[in-house]
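Every chain is numbered from 1, with letters handed out A, B, ... down the list of sequences. None of the values given here were measured: they were computed from a predicted structure.
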Amino acid sequence: MEFKDYYKILGVSKKADVKDIKTAYRKLARKYHPDLNPSEGVGEKFKEIAEAYEVLKDAGRRAKFDEILEYGDQSSQGFQPPPGWQQNQHAYQGDPNADAHFSDFFNSIFNGGFDQSHFHGQAQQHHSRGQDVETELAMSLQETLHQQIKTVHFQLPVSEGGKTHHIKKQLNIKIPQGVINGERIRLKGQGKPGYGGGEPGDLYLHIRVNSHPLFDVKKHDLVLTLPLAPWEAALGTKVTVPTLDGKVTLTIAANTQSGTKLRVKGKGLKRKDKLGDMYVVINVIIPPISNDKATQLWQELAKNSAFDPRVSWGEYL
Amino acid sequence: MMRRLTVISLNELCQLERIESHHIIEIVENGIVKPIANANSKDWEFDTSSVHWIKKAVRLHQDLEIDWLAVALLIDLIQQRDSLQREKEFFQQQLRRFTQH
């Protein structure tokens with residue numbers, strides 16, 4: 001079992017008073033709380049910080065820990081409590097009361113020694129409900145247009161004999177039309193099994209809509225960037241553009257600028273009672289000059305045009 | 001085939017997630033989430049997105065030892081940050097499409 005120096009984790013001295021401990025905890029919590037910091041790995045780090053705070057803010061638990069710190073064997077073979085230490089080994093082995101929020105080290109010292117009910121309000125009882133599990137489901141943009149039946153593969157952590165292992169599960173799930181990126185779908189009773197006959201937790205599916213090579217998404221609208229040649233933008237033209245489920249022909253007016261947005265009604269994403277639009281954004285592309293004829297034509301245009309694209313710069317030059 | 005659940009009642013939320021009902025009332029009163037139907041609190045129902053924010057609010061309230069007003073402000077800022085992040089990604093993608101030629 002790995003020894004944990006709670007003082008080191010919070011970065012406080014062994015003489016720190018409760019106020020110092022609280023300040024150190026709050027500072028670290030702001031930095032490492034997984035709800036405030038989405039980076040990977042902060043969850044584990046915060047768990048360690050919260051555990052250290054649980055021990056050091058409570059005089060009784062802190063005294064117990066100080067005793068361990070002074071007399072325990074923290075050698076490389078792993079932590080051993082001092083001889084004669086009254087840990088409840090029997091209760092610890094696979095006991096569901098051992099709080100899953102805390103480390104083995106914590107549970108071996110304090111398991112059953114205090115009321116855990118205040119921590120996250122999730123006391124482990126003899127008949128307790130299993131935890132909820134979150135998993136991600138990737139979908140393409142096209143798939144959101146219609147109801148889909150998707151097979152979801154996920155892993156469930158299961159505790160047996162004090163050890164946690166994962167079992168693979170798969171479920172067929174009906175995904176309604178119009179789901180959006182980030183949406184969560186709840187599947188009752190598909191989470192972690194309960195303890196002692198308790199109900200299983202729920203499975204929350206977190207929908208991730210994959211990015212599309214052509215379309216970008218803004219709420220329920222789609223945005224398509226349409227490349228045009230300079231003469232198409234200058235003279236006007238008709239262009240056929242793809243939609244998510246077909247194609248439409250657009251009329252481009254003469255003298256259309258780069259960045260102009262054209263709205264194609266009802267060709268966005270479908271969602272319950274709403275139907276989004278598709279916006280086509282014009283991007284005028286200058287062709288790479290490939291031959292003398294093209295250069296000659298540009299030169300002719302330059303000679304005959306009075307157009308100054310930097311006219312608004314006048315006073316700065 | 002499974003039935004997809006879109007709503008969860010106040011009672012269910014308290015029992016299943018072990019969240020105390022007075023905490024949920026504070027969360028609603030501070031405008032962090034809105035019940036689907038604004039009737040009597042005992043009839044409240046929440047969508048799955050609200051459940052996500054309720055759980056987050058409870059964790060922040062307990063782990064950071066801050067009051068509900070501070071939780072509401074914090075969640076407001078988290079939602080603004082998330083929305084700006086999405087907007088930034090959208091504009092970066094647009095910029096790539098404009099400059100990749």
For a 4.5 angstrom cut-off between non-hydrogen side-chain atoms, does B/Phe91 reach A/Asp216?
no
Side-chain heavy atoms of B/Ile8 within contact of A/Arg186, under 4.5 Å
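When only atoms from C-beta onward are counted, A/Arg186 and B/Ile8 do touch, with a gap below 4.5 Å.
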Counting only non-hydrogen atoms closer than 4.5 Å, does [X] touch chain B with its backbone (N, CA, C, O), its side chain (CB onward), both, or neither?
X: A/Leu214; result: backbone
X: A/Pro288; result: neither
X: A/Asp202; result: side chain
X: A/Leu224; result: neither
X: A/Pro213; result: backbone

Could you check whether atom CD of A/Gln257 has more than 12 heavy atoms from other residues, nucleotides or ligands sitting under 6.0 Å from it?
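No, not enclosed.
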With a sphere of 6.0 Å drawn around NZ of A/Lys150, does it hold more than 12 non-hydrogen atoms of other residues, nucleotides or ligands?
yes
If I take atom CG from residue A/Asp35 and atom CG from residue B/Leu74, how far apart are they, to the nearest 0.5 angstrom?
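The CG atom of B/Leu74 is 9.0 Å from CG of A/Asp35, to the nearest 0.5 Å.
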Taken to the nearest 0.5 Å, the spacing of A/Leu36 CG from B/Ile75 CD1 works out to 9.5 Å
Heavy-atom proximity to chain A below 4.5 Å, by part of [X]:
X: B/Leu64; value: both
X: B/Glu65; value: both
X: B/Arg86; value: neither

When you measure from the side chain of B/Thr48 to the backbone of A/Arg184, do you find a donor-acceptor pair of N or O atoms at a distance under 3.5 Å?
yes
Would the distance check show the side chain of B/Arg59 and the main-chain N or O of A/His33 forming a donor-acceptor pair, the cut-off being under 3.5 Å?
no
Ion pair present between B/Glu12 and A/Lys188, side-chain N to carboxylate O less than 4.0 angstrom?
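So B/Glu12 pairs with A/Lys188 through a salt bridge.
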In terms of heavy-atom pairs under 4.5 Å with chain A, which of B/His23, B/His61, B/Lys55 leads?
B/Lys55
Exercise: identify the closest heavy-atom pair between B/Phe98 and A/Ser258
CE2-OG, 4.3 Å
State, to 0.1 Å, how close A/Val217 and B/Phe90 come at their nearest heavy-atom pair, and which atoms those are.
O-CD1, 3.6 Å
